[in-house]
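FYI, side chains are in, hydrogens and waters are out, and symmetry mates aren't considered; it's all heavy atoms of this structure. No experiment lies behind these values; they were computed from the predicted model shown.
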Amino acid sequence: MKHWDRTTLASRLLKPMAAQVTSSRLQPAAVLVLLVDSLNGLEVVLTRRAKHLKHHPGQISFPGGKAEPSDKDLIHT
């Protein structure tokens with residue numbers, strides 16, 4: 001596993017990149033990889049999906065989801 005110092009990691013993450021995938025079966029979506037600088041080092045924030053949801057109930061995931069028509073682009077999603 002590669003370990004980067006905080007400055008290197010921050011400089012790489014400040015350049016957002018969106019994957020361009022084309023398929024009529026896929027819907028545009030985005031996730032947020034939130035890193036928190038804590039006393040224990042960098043930590044990743046995850047969410048637990050509600051158990052009543054139709055798709056992937058109770059799963060641990062990155063925050064995010066499908067793009068809404070009002071979203072300017074995937075960065076805003």
Heavy-atom donor-acceptor pair, D73 side chain to H76 backbone, under 3.5 Å: yes

Closest heavy-atom pair and its distance - D37, L42: CA-CD2, 4.0 Å

Which residues share a side chain to side chain contact (heavy atoms under 4.5 Å, CB included) with Q27, sequence neighbours left out: K66

Closest approach of P57 to K51 (non-hydrogen atoms, all atoms of both residues): CB-O, 3.3 Å

Minimum side-chain heavy-atom gap T47-F62 below 4.5 Å: no

In one Ile/Leu/Val/Met/Phe/Trp/Tyr side-chain cluster, 4.5 Å: I60, V44: yes

Connected via hydrophobic side-chain network under 4.5 Å: L34 and V31: no

Shared hydrophobic cluster for L32 and L74 (ILVMFWY, side-chain gaps under 4.5 Å): no

